Amino acid sequence: MQEFSMLDGAVLIDKPAGPTSHDVVDAIRRRFGIRKVGHCGTLDPNATGLLIIVLGRGTKLSEKLMGDDKVYEGTIKFGVATSSYDADGEILESKPVPPLALEGLNALAAEFVGDLMQTPPMVSAIKKNGVPLYKLARKGVEVEREPRLVHIYNFRFTTYAEPLGEFKLACTKGTYVRSVAHDLGQKIGCGAHLSALRRSASGKFDVAEATGLDAVLNMTTSELEKKVIPFLKLTA
């Protein structure tokens, strides 16, 4: 019978804007002296929300947890296309935004629902011949990317006030919401980019159950143990 420690499992973090997912992993590893720490699904630096951090033997479940469906909330800015498809990228073009209404936006969003062959953005961690695409992008190199099959369960705008549309989107793992924003802008003809993103759910876990990163880093080890979802509960 395997014995598990109180730190074998997962903790739900509400990631702030700024740090990378790997930064969060490093901070928790250093603060609590845990040798094995990982995360289950990258969030871009400026994205916020649910980041599942696995600890100890919980790292064995990272692939399983990473494969769960995701739910996001965010904002798309129309009229401006960027190199990274989000607000961090270089502005490539600015165009006038045509008259748009919420009903029309949702009709266009509905065209993305279902199976979708999606081309990853150049500014991403996907590797080409062992080199992350974002490193090539920094050198001004663009390479052909293989489209990948993803599935969007739901994509709907909740508000629109030109040039910003707030939306909710549910999808499979590996979906680039930045690419959805970019492709929608191309479809409309004015360009667009993702200006804000928040992950609200991953599988059965919700951001409402998560704890802010600063709060976690200020905990004692015994306080952290109370936040850990045990290994055996994760496998149930």
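Small disclaimer: the values here were computed from a predicted structure and weren't measured. The first residue of the sequence shown is numbered 1, and numbering continues consecutively from there.
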Taking everything shown except [X] itself, do over 12 heavy atoms lie less than 6.0 Å from its [atom1]?
X: Ile91; atom1: CD1; result: no
X: Lys233; atom1: NZ; result: no
X: Arg156; atom1: CZ; result: no
X: Lys77; atom1: NZ; result: no

Expected output: side-chain [X] to main-chain [Y] donor-acceptor under 3.5 Å:
X: Ser84; Y: Gly89; result: yes
X: Lys95; Y: Glu93; result: no
X: Arg57; Y: Ser5; result: no
X: Asp23; Y: Thr20; result: yes
X: Arg30; Y: Val25; result: no
X: Lys15; Y: Arg199; result: no
X: Ser21; Y: Leu43; result: yes
X: Gln118; Y: Tyr176; result: yes
X: His182; Y: His193; result: no
X: Ser202; Y: Phe205; result: no

Could you report the tightest heavy-atom contact between [X] and [Y], atom names first, then the distance?
X: Leu213; Y: Pro16; result: CB-CD, 3.9 Å
X: Ala17; Y: Thr48; result: N-CG2, 3.5 Å
X: Ala27; Y: Leu217; result: O-CD2, 3.8 Å
X: Thr119; Y: Pro147; result: OG1-CG, 3.9 Å
X: Gly165; Y: Phe78; result: N-CE1, 4.3 Å
X: Ala192; Y: Ile76; result: CB-CG2, 3.8 Å

For the [atom1] atom of [X] and the [atom2] atom of [Y], what is their distance to the nearest 0.5 Å?
X: Lys226; Y: Thr221; atom1: NZ; atom2: OG1; answer: 12.0 Å
X: His151; Y: Thr175; atom1: NE2; atom2: OG1; answer: 9.5 Å
X: Leu102; Y: Tyr160; atom1: CG; atom2: OH; answer: 10.5 Å
X: Lys36; Y: Leu7; atom1: NZ; atom2: CG; answer: 14.0 Å
X: Thr82; Y: Leu92; atom1: OG1; atom2: CG; answer: 6.5 Å
X: Cys40; Y: Ile53; atom1: SG; atom2: CD1; answer: 7.5 Å

Intermediate values then yes/no, side-chain contact (heavy atoms from CB on, under 4.5 Å), Leu55 and Val228: CA-CA 9 Å; Leu55 311 171; Val228 173; 3.9 Å; yes
Stepwise side-chain contact (heavy atoms from CB on, under 4.5 Å) test for Asp68 and Lys173: CA-CA 6 Å; Asp68 287 335; Lys173 73 160 188 174; over 6 Å; no
Leu50 and Asp206: CA distance, side-chain angles, deciding distance, side-chain contact (heavy atoms from CB on, under 4.5 Å) verdict: CA-CA 7 Å; Leu50 182 61; Asp206 193 280; 5.9 Å; no
Establish whether [X] and [Y] are linked, either directly or via other cluster members, by ILVMFWY side-chain heavy-atom contacts under 4.5 Å.
X: Val24; Y: Leu65; answer: no
X: Leu51; Y: Val207; answer: no
X: Val97; Y: Val180; answer: yes
X: Phe112; Y: Leu197; answer: yes
X: Tyr153; Y: Tyr72; answer: no

Does any non-hydrogen side-chain atom of [Y] lie less than 4.5 Å from one of [X]?
X: Leu169; Y: Val71; answer: no
X: Ser195; Y: Asp86; answer: no
X: Val37; Y: Val54; answer: no
X: Glu73; Y: Glu166; answer: no
X: Leu105; Y: Phe167; answer: no
X: Met66; Y: Ile52; answer: no
X: Arg148; Y: Met117; answer: no
X: Leu184; Y: Leu108; answer: yes

Between Phe157 and Phe155, ring centroids under 6.0 Å: yes
Pair Glu111 + Lys187: basic N to acidic O under 4.0 Å: yes
Salt bridge present between Asp14 and Arg198 (N-O < 4.0 angstrom): yes
Step-by-step salt bridge (charged side-chain N to carboxylate O under 4.0 Å, His left out) determination, Arg178 to Asp183: CA-CA 9 Å; Arg178 287 183 283 145; Asp183 292 346; over 6 Å; no
Stepwise side-chain contact (heavy atoms from CB on, under 4.5 Å) test for Arg31 and Ile28: CA-CA 5 Å; Arg31 170 65 184 84; Ile28 291 175; 5.8 Å; no
